[in-house]
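Protein chains get the first letters and strands the later ones, always in sequence-line order, with residue 1 at the start of each.
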Amino acid sequence: MLANYGYQDGSGDYFITIDTDKCTGCGDCVTTCPAQVFEILTEDPHDPFREEPVAVVKSSEKKKIKYSCGPCKPVGERPPSPCVVSCRAGAISHNW
Amino acid sequence: MAEEFWRWTESRWTDPAIDWKAGKIVTGGVDVGSVSSQAVIMVDGQLLAYGNTRTGSDSPNSAMNAMNMAMEDAKVTYDDLQYTVGTGYGRVNVPFGQRAITEIACHARGANFMYGPSVRTVLDMGGQDCKAIHCDAQGKVTNFLMNDKCAAGTGRGMEVFADLLNVSINDMGELSLQVAEEPPPVSSTCVVFAKSEASGLLRAGWPKEKVLAAYSSAMAHRVVSLLERIGVEKEFAITGGIAKNIGVVSRIEKELGIKALKPTIDTQIAGALGAALFAQALAKKSGK
Ligand code: SF4
Ligand code: SF4
C-alpha cells in the first residue's frame with residue numbers, strides 16, 4: 001500500500017509516501033530523522049490484517065512536514081533526504 | 001427556535017426480511033466522526049440495520065446513540081454483538097468496541113460492499129476531512145491520501161454555507177445547479193475565507209444560487225486536485241455526507257470526466273459498514 005502523509009495547501013503539495021509493501025518496520029528512518037517525523041507501529045492502522053510492524057508519519061507531524069523537513073531540503077544543490085537514504089528497503093519517498 | 005439550516009436528516013433503517021436470530025455471526029461497526037456518527041449491524045455478511053446521527057459533545061455517547069438507533073427496530077441488544085469495531089475520529093472511545101480501525105481502511109471496505117468489487121477509487125467527503133483511496137477487488141487499500149489540514153471540501157464547510165445562506169443543507173445541491181451560467185469559483189475553499197468572500201458577493205447582489213455555485217465548484221476543484229495526486233481509476237465512487245450533494249458531485253464528475261457510481265444506500269454509513277465487515281472477519285478469526 002502506498003500511504004501518503006501530508007497535505008495540500010495554497011503553497012503546494014507536501015507528501016511523504018511510505019510503501020508499506022516494502023517497509024520492514026526496521027526503524028532506521030526513526031533513528032535517522034532529525035525531526036522525529038516517523039514512528040513504528042506494531043500493526044498497520046490502515047490494514048488490520050497485516051501483523052508486522054510498519055513505519056508511519058506521526059499524526060502530530062502530518063500537518064507540518066513542510067516545516068519539519070525544511071532543514072533537510074536546502075535550495076540549490078540538494079542531497080537526498082536522510083530518511084530516504086536510511087531506508088534500505090527503498091520504502092520512503094517525498095513528492096517535493 | 002430559529003430554523004437550523006445546517007441540520008441534515010438523521011436516519012435509521014432495518015431490513016425486515018432478515019431473521020438475525022437464525023444467523024451465526026452478528027457484529028457491529030461504529031463510525032464516530034467529528035460531525036456525524038453511524039452504527040451498522042451485520043449478520044453473516046448481510047446488512048441488517050443502521051443508525052445515522054449527529055455527533056454530540058462526547059464520543060462514547062455518540063457511539064451509543066447511533067448504535068441504539070440501529071438496534072431499536074431490529075431488537076438487537078449489546079449482548080448479541082459478538083464483535084464490534086470502531087472507526088472515525090472518536091474510534092478509540094467506543095465503549096462497546098473490541099478494536100479500532102482507521103477510516104481509510106473502513107471506507108474502502110465499506111465502498112466495496114456498497115458499490116461492488118469493481119470500485120478502484122473511493123473519494124470520501126466527510127464532515128471534517130477528505131480522503132482519496134485506491135482499493136483492490138477485496139476492498140483492501142492500495143494507495144491513499146488524506147487532507148485534514150482544513151475543512152475545505154467537507155461537510156462542515158457545507159454546513160457553514162447552509163447557515164450563511166439560510167438554505168436547508170438538503171436543498172443546497174439542487175439550488176447550486178439553478179444557475180444559467182457557472183460563475184467563477186470562490187478564490188479560497190478555506191471555510192473562513194470562503195465565508196467572508198461569499199458574504200461580500202451576497203452584499204454585491206449575487207443571488208444565493210450563484211454564490212452556492214461558486215462555492216460548490218471551488219470545493220469540487222479542490223477535491224479533484226487531491227484525487228489527481230493519486231489518479232482516478234475506474235470505477236469511481238464517493239462516500240460520506242457530501243456524496244448526497246448533487247451540486248458538488250456533478251461538478252466533480254464534470255471536472256474528472258468520469259461518472260461516479262450511483263449509491264444504493266446512505267453514503268454516510270460507508271465507514272461504519274466497513275467497520276462491521278472487519279468485525280465479521282475478526283469474529284471469525286477469533287473463533288467465536
Ligand atoms: S527505514 Fe524503511 S523499512 Fe525501515 S521502518 Fe523506515 S520505512 Fe520501514
Ligand atoms: S526529510 Fe528530514 S526531517 Fe523530513 S522526514 Fe526525512 S529525515 Fe525527517
Side-chain angles (χ1 to χ4, degrees), chain A residues 1-23 25 35 37-70 83-84 87 89-96, chain B residues 29 83 85-87 89 91-92 98-109 129-136 138-150 152-153 187-190 193 221-231 274-275 277-282 284-286:
Chain A
M1 171 197 318
L2 296 174
N4 299 283
Y5 300 96
Y7 55 90
Q8 290 184 318
D9 66 12
S11 69
D13 287 13
Y14 308 96
F15 289 98
I16 295 178
T17 305
I18 298 176
D19 185 339
T20 63
D21 297 326
K22 292 184 182 157
C23 174
V37 164
F38 303 98
E39 65 182 332
I40 303 293
L41 299 183
T42 49
E43 317 184 316
D44 187 340
H46 303 298
D47 180 2
F49 301 117
R50 172 188 169 123
E51 275 145 3
E52 290 143 38
V54 71
V56 300
V57 169
K58 283 186 199 162
S59 51
S60 58
E61 286 295 326
K62 267 190 323 197
K63 297 180 191 181
K64 57 176 195 191
I65 53 169
K66 175 185 173 184
Y67 305 100
S68 301
C69 297
C83 52
V84 174
C87 180
I92 303 176
S93 57
H94 292 225
N95 84 292
W96 83 106
Chain B
Y83 204 108
V85 167
T87 188
Y89 156 88
R91 62 180 173 267
V92 290
Q98 278 82 50
R99 174 128 181 219
I101 297 176
T102 63
E103 300 109 287
I104 305 264
C106 289
H107 271 274
R109 194 73 190 78
D129 59 38
C130 199
K131 310 171 193 79
I133 308 166
H134 281 176
C135 59
D136 65 15
Q138 280 74 47
K140 185 179 180 305
V141 179
T142 53
N143 193 347
F144 76 84
L145 189 73
M146 173 166 166
N147 200 2
D148 55 2
K149 200 177 158 82
C150 71
S187 58
S188 173
T189 44
C190 165
F193 291 127
H221 184 69
R222 184 62 193 263
V223 300
V224 166
S225 81
L226 188 77
L227 268 172
E228 280 173 345
R229 270 223 69 83
I230 64 166
L277 284 159
F278 277 126
Q280 290 271 318
L282 292 164
K284 264 185 216 151
K285 210 173 139 190
S286 68

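- Within the 4.5 angstrom heavy-atom criterion, only side-chain atoms of R229(B), from C-beta onward, approach chain A.
- Neither the backbone nor the side chain of D19(A) comes within less than 4.5 Å of any heavy atom in chain B.
- Put simply, CZ on R99(B) and CD on E43(A) are 4.5 Å apart, with the number rounded to the nearest 0.5 Å.
- Between the CE atom in M1(A) and the NZ atom in K140(B) there is a gap of 5.0 Å [rounded to 0.5 Å].
- In terms of heavy-atom pairs under 4.5 angstrom with chain A, the leader among V85(B), I101(B), N143(B), I230(B) is N143(B).
- Around atom NE2 of H94(A), more than 12 heavy atoms belonging to other residues, nucleotides or ligands sit under 6.0 Å away.
- Here the straight-line distance linking atom NE2 of H46(A) with atom CD of E103(B) works out to 8.5 Å at 0.5 Å rounding.
- The minimum heavy-atom distance linking F15(A) with L145(B) is given by the pair CE2-CD1, 3.0 Å.
- At a threshold of 4.5 Å between non-hydrogen side-chain atoms, the residues D47(A) and V141(B) do not count as touching.
- For the set A100(B), A281(B), C106(B), S225(B), the count of heavy-atom pairs under 4.5 angstrom toward chain A peaks at S225(B).
- The CG atom of N4(A) sits 7.0 Å away from atom CZ of F144(B), with the distance rounded to the nearest 0.5 Å.
- For the pair Y7(A)/L226(B), no side-chain contact is recorded, criterion being any heavy-atom separation below 4.5 Å from C-beta on.
- In this pair, F278(B) and F49(A) present their aromatic rings tilted. The plane angle is within the 30 to 60° band.
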